[in-house]
Amino acid sequence: MTAITMLTEEQMETCIRNAKRKVVYIAPGIWLSTAEAMAEYLRDNPYGALDITLDPDPQVYRLGYGNIAGIKLLNNIDVPLRKCAGIRIGLFIADDDVWYFTPTPRLIEKEPTSKSVFAPNSIAISIDQANLLLGTVT
């Protein structure tokens, strides 16, 4: 079953902090607050339980898909980062909760928050659907 929904950075960070088995994050870039949540997650989980794929192009950060501080934090704690040049979609998994989402380019518009008017930017999907999508990421 799928549902059109709104996924916010706040919601992702809460899901990351509450995850017990795995976190997968695929997006153009990452924000410091999300990277901080991942660093907290790694205090209680093995590094293999965190899988991150980002676009390595610095243009990503100029467009507002994240900030360099997030990458620096992950590099400082030696988190392996996969690369997927040109990616502009997102997949976020926290245990069995999964969203396929469109990252917000903050150069152009504000990121939705829990206080925002409902602005759908994601589809909640099943873990089986996510595993099919993960099989297509190189």
Does Thr104 form a side-chain hydrogen bond (donor to acceptor under 3.5 Å, both in side chains) with Glu109? I'd like the steps, not just the answer. CA-CA 7 Å; Thr104 303; Glu109 61 184 313; 5.4 Å; no
Begin from the C-alpha positions of Thr34 and Glu9 and carry the test side-chain hydrogen bond (donor to acceptor under 3.5 Å, both in side chains) through to its verdict. CA-CA 7 Å; Thr34 304; Glu9 291 288 324; 2.5 Å; yes
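- The closest donor-acceptor contact from the side chain of Ser122 to the backbone of Thr5 lies under 3.5 Å.
- For Asp57, the side chain to side chain donor-acceptor pair (under 3.5 Å) criterion is met by no residue, not counting sequence neighbours.
- Separation of atoms CG (Leu42) and CD (Glu40) is listed at 10.5 Å; rounding is to 0.5 Å.
- Residues meeting the ring-ring contact (aromatic ring centres under 6.0 Å, His included) test with Tyr65, sequence neighbours left out: none.
- With sequence neighbours left out, the salt bridge (charged side-chain N to carboxylate O under 4.0 Å, His left out) criterion links Asp96 to Arg21.
- Hydrophobic cluster membership differs between Phe101 and Ile4, with clusters built from Ile, Leu, Val, Met, Phe, Trp and Tyr side chains linked at under 4.5 angstrom.
- Placement of Ile26 and Trp31 in two distinct hydrophobic clusters is found when ILVMFWY residues are connected by side-chain heavy-atom separations under 4.5 Å, directly or transitively.
- Checked for salt-bridge contact, Lys20 and Asp95 miss the test: no charged N lies under 4.0 Å from a carboxylate O.
- In the hydrophobic clustering (ILVMFWY side chains linked at under 4.5 Å, chained through shared members), Leu32 is joined by Leu73.
- With contacts defined as side-chain heavy-atom distances shorter than 4.5 Å, the pair Val98/Leu91 qualifies.
- Looking at heavy atoms from C-beta onward, Ile52 lies out of side-chain contact with Val24 at the 4.5 angstrom threshold.
- The shortest non-hydrogen separation linking Gly90 to Pro103 is N-CD, 3.9 Å.
- The two atoms that bring Pro28 and Val60 nearest to each other are O-CG1, 3.3 Å, heavy atoms only.
- In this structure, Lys83 and Leu54 have side chains that are not in contact, with every pair of non-hydrogen atoms separated by 4.5 Å or more.
- The two residues Glu36 and Arg17 come nearest to each other via the heavy atoms C-NH2, 4.5 Å.
- Rounding to the nearest 0.5 Å places CG of Asn67 at 9.0 Å from CD1 of Ile30.
- Asp128 is listed as a side-chain neighbour of Ser126, based on a closest heavy-atom distance under 4.5 Å.
- When side chains are defined from C-beta on, Leu81 counts as touching Ile71, because their heavy atoms get closer than 4.5 Å.
- Under the 4.5 Å side-chain criterion, counting only non-hydrogen atoms from C-beta, Tyr47 is in contact with Ile77.
- Residues Leu74 and Ile16 are members of one and the same hydrophobic cluster, defined by side-chain heavy-atom contacts under 4.5 angstrom among Ile, Leu, Val, Met, Phe, Trp and Tyr.
- A donor-acceptor contact shorter than 3.5 Å links the side chain of Tyr41 to the backbone of Lys22.
- In terms of the ring-ring contact (aromatic ring centres under 6.0 Å, His included) criterion, residue partners of Trp99 (sequence neighbours excluded) are, by chain and number, Phe92.
- Applying the side chain to side chain donor-acceptor pair (under 3.5 Å) rule to Asn121 yields no partners; only residues at least two apart in sequence or on another chain are considered.
- Under the 4.5 Å side-chain contact rule for hydrophobic residues, Met38 and Leu7 share a cluster.
- Between the side chain of Thr14 and the backbone N or O of Glu10 there is at least one donor-acceptor pair closer than 3.5 Å.
- Linking ILVMFWY side-chain heavy atoms closer than 4.5 Å, directly or via other members, places Val79 and Tyr25 in a single hydrophobic cluster.
- Within 6.0 Å of the CZ atom in Arg82, the count of heavy atoms belonging to other residues, nucleotides or ligands does not exceed 12.
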